[in-house]
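Have a look at the structure below before the remarks.
Just so you know, residue 1 is the first one in the sequence shown, and it goes up from there.
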Amino acid sequence: MKSATAKSVKKANELLKSGEFREVVLDFNISADEFFELADRWAERGAKIKKEDGSFVIKLAK
């Protein structure tokens, strides 16, 4: 599974929308509002969000 690292919400959305990556690591301090907006958008598409090694990771469904 290909993964990528995002330094902003905008970049995370771009990486996930591209379809090239099944996993995106959020490598920045995300605000609660940004987190819930991102979670809402991608959970509708079957994504799972977990905290691993101090960072949030968004994993798309297969």
Side-chain angles (χ1 to χ4, degrees):
M1 176 184 339
K2 288 178 85 174
S3 65
T5 302
K7 298 281 186 184
S8 68
V9 172
K10 180 180 177 181
K11 187 64 175 177
N13 281 316
E14 288 173 3
L15 292 168
L16 292 165
K17 283 180 190 176
S18 76
E20 188 175 340
F21 302 98
R22 306 296 288 162
E23 181 177 295
V24 174
V25 177
L26 304 180
D27 189 26
F28 61 97
N29 290 327
I30 189 167
S31 72
D33 288 341
E34 290 172 324
F35 176 84
F36 287 112
E37 179 183 326
L38 198 62
D40 184 49
R41 172 177 290 144
W42 292 102
E44 289 178 348
R45 297 178 175 123
K48 303 289 182 194
I49 302 174
K50 295 184 178 181
K51 192 162 191 175
E52 296 178 1
D53 299 324
S55 296
F56 287 104
V57 179
I58 303 171
K59 294 181 183 180
L60 295 176
K62 292 183 180 181

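- Put simply, V25 and L15 are part of two different groups of oily side chains (I, L, V, M, F, W, Y) that touch within less than 4.5 Å, one to the next.
- The minimum heavy-atom distance between A6 and V24, with the atom names listed, is CB-CG1, 3.9 Å.
- Once rounded to the nearest 0.5 Å, the distance linking CD1 of I58 with CG of L16 reads 5.0 Å.
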Evaluate the criterion side-chain contact (heavy atoms from CB on, under 4.5 Å) for residue pair D40 and E44; output intermediate values, then yes/no. CA-CA 6 Å; D40 184 49; E44 289 178 348; 4.2 Å; yes
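- From N29, atom CG reaches atom OG of S55 across 9.5 Å, with rounding to the nearest 0.5 Å.
- Judged as a salt bridge (charged side-chain N to carboxylate O under 4.0 Å, His left out), and not counting sequence neighbours, the contacts of E52 are K59.
- The closest side-chain heavy-atom distance from E20 to K2 is below 4.5 Å.
- Note on I49 and V57: separate hydrophobic clusters, where clusters join Ile, Leu, Val, Met, Phe, Trp and Tyr whose side-chain heavy atoms are under 4.5 Å apart, directly or indirectly.
- For the ring pair (Phe, Tyr, Trp, His ring centres under 6.0 Å) condition, the pairs that include at least one residue of residues 27-49, sequence neighbours left out, are F35-F56.
- Contact of the L60 side chain with the R45 side chain is not registered, since no non-hydrogen atoms from C-beta on lie closer than 4.5 Å.
- In this structure, I30 and V9 have side chains that are in contact, with non-hydrogen atoms separated by less than 4.5 Å.
- To the nearest 0.5 Å, atoms CZ (R41) and NZ (K17) are separated by 5.5 Å.
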